[in-house]
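This chain uses plain numbering: 1 for the first residue, then up along the sequence. Just so it is clear, the values below take in all heavy atoms, side chains as well, and ignore hydrogens, waters and symmetry mates.
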Amino acid sequence: VDNSIAIAVVNEENTPKEIAVSELPQAVKDQLKADACEAQRAFLLYKDDQPIYQVEALKEGEQIILHYYADGKEVEG
């Protein structure tokens with residue numbers, strides 16, 4: 001008889017939470033516009049207690065995923 005118990009730990013901090021595109025900070029919206037990207041979906045997650053915005057966008061008809069800080073700067077790496 002196998003009496004083992006599996007425990008899954010979910011790190012809520014790194015689980016993206018879907019938000020409305022309209023809820024993106026203005027700086028992020030401005031950067032998307034400057035990059036000629038059209039946001040389709042947006043998510044909020046945290047890295048080291050800092051909010052990160054993940055955006056699924058269309059650029060020249062291609063689906064891309066971008067990550068931004070609240071000030072509109074793109075997350076490197």
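Residues Gln31 and Tyr68 come closest through the heavy atom pair CG-CE2, 3.5 Å. When all heavy atoms of Val28 and Tyr69 are compared, the closest pair comes out as CG2-O, 3.4 Å. Taking all atoms of both residues into account, the shortest heavy-atom contact from Pro25 to Ala70 is CB-O, 3.6 Å. Residues Leu24 and Tyr53 share a closest heavy-atom pair of CD2-CD2, 3.7 Å. Annotation for Asp71 and Lys73: closest pair OD1-N, 3.0 Å, computed over non-hydrogen atoms. Nearest heavy atom pair, residue Lys29 against residue Val21, reads CE-O, 4.2 Å.
Under a hydrophobic-cluster definition in which Ile, Leu, Val, Met, Phe, Trp and Tyr are linked whenever side-chain heavy atoms come within less than 4.5 Å, directly or via other members, Leu66 and Leu58 are assigned to different clusters. Under the 4.5 Å side-chain contact rule for hydrophobic residues, Ile19 and Tyr46 share a cluster.
Expressed to the nearest 0.5 Å, how far CD of Glu18 lies from CG of Leu44 amounts to 11.5 Å. Between atom CD1 of residue Ile52 and atom CD of residue Gln54 there is a gap of 10.5 Å, rounded to the nearest 0.5 Å.
Glu60 CD: 12 or fewer foreign heavy atoms inside a 6.0 Å radius. Enclosure of atom CD in Gln63 by more than 12 non-hydrogen atoms of other residues, nucleotides or ligands within 6.0 angstrom is indicated.
Side-chain atoms of Glu62 never come within 3.5 Å of backbone atoms of Lys59 as a donor-acceptor pair (strictly under, hydrogens ignored). Between the side chain of Lys17 and the backbone N or O of Leu45 there is no donor-acceptor pair closer than 3.5 Å.
Inter-residue side-chain proximity for Val55 and Leu32 is flagged as met; some heavy-atom pair is nearer than 4.5 Å.
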Starting from the C-alpha separation in whole Å, work towards a yes-or-no answer on side-chain contact (heavy atoms from CB on, under 4.5 Å) for Cys37 and Ile64. CA-CA 9 Å; Cys37 294; Ile64 58 173; 3.9 Å; yes
